[in-house]
Amino acid sequence: MSVDEQLHERIRDAVRSVPAGRVATYGDIAEIARASTPRLVGRVLSEDGHDLPWHRVLRASGRPAPHLARRQLELLRAEGVPAVNDKVDLRTYRWGVRD
DNA sequence: CCCATGACTGATC
DNA sequence: GGATCAGCCATGG
């Protein structure tokens, strides 16, 4: 198989825990799931994220991963998360911190 | 074991 | 805010 079952599941849980209308960064998910590095988050989503709210996960810059930008921003817009210049205002929509 | 790859990040310039 | 670079670490060749 690929990533350890435990970690794999924790990452999926972390992604599921992000409420609609909010977003989180790969780093946030990694921290919540206690993953060693954000890269693993991307890896898990890539191979097993099709049934998760993966569109709520953004890079630290507030932009989605390049190859997904289009689609992801549409999904976010549909849940009420506006993107200006293809980028989301993390200070406003980032889940967990502030508010 | 070494090397490349990748839905990443933070520091520098 | 973009371009570079160095860490990061699981996976596969």
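Because the structure is a prediction, the values reported are computed rather than measured. Lettering follows sequence order; numbering is per chain, from 1.
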Of the listed B:dG10, B:dG6, B:dA7, the closest approach to the A:Leu45 side chain comes from B:dA7
Once you round it to whole Å, what is the distance between P of C:dA10 and CG of A:Asp4? 8 Å
Which nucleotide sits closest to the side chain of A:Thr37: C:dC8, B:dA7, C:dT11? C:dC8
Between C1' of C:dC8 and CG of A:Leu7, the distance in whole Å: 14 Å
Picking from C:dG2, C:dA10, B:dA7, the nucleotide nearest the side-chain atoms of A:Tyr26 would be B:dA7
To the nearest angstrom, the CG-C1' distance between A:Leu90 and B:dC8 comes to 14 Å
Inter-nucleotide C1' distance (C:dG13, B:dA7), Å rounded: 23 Å
Atom-pair distance (CG on A:Leu68; C1' on B:dC8), nearest Å: 14 Å
Using a heavy-atom cut-off of under 4.0 Å over every strand shown, decide if A:Leu40 touches base, sugar-phosphate, or nothing. sugar-phosphate
What I'd like to find out is whether the side chain of A:Pro53 reaches to under 4.5 Å of the side chain of A:Arg22, using heavy atoms alone. no
Just how far, in rounded Å, is P of B:dG6 from CD of A:Glu47? 14 Å
Looking at A:Thr92, A:Asp89, A:Leu90, A:Val18, which hits side chain to side chain contact (heavy atoms under 4.5 Å, CB included) with A:Val23? A:Leu90
In whole Å, what is the span from the CZ atom of A:Arg43 to the C1' atom of C:dA10? 6 Å
Is any side-chain heavy atom of A:Leu58 less than 4.5 Å from a side-chain heavy atom of A:Tyr93? no
Taking only the side-chain nitrogens and oxygens of A:Arg59, find out if one of them lies under 4.0 Å from OP1 or OP2 of B:dC8. yes
Within the 4.0 Å heavy-atom criterion, would you say A:Ser36 contacts the bases, only the backbone, or no part of the nucleic acid? sugar-phosphate
d(CG, A:Asp48; C1', B:dA7) in whole Å: 14 Å
Are A:Asp13 and A:Arg16 within salt-bridge range, i.e. N to O under 4.0 Å? yes
Stepwise salt bridge (charged side-chain N to carboxylate O under 4.0 Å, His left out) check, A:Arg43 with A:Glu47: CA-CA 6 Å; A:Arg43 188 188 178 89; A:Glu47 48 185 53; 3.7 Å; yes
Take atom CG of A:Asp86 and atom P of C:dG1, then tell me their distance rounded to the nearest Å. 13 Å
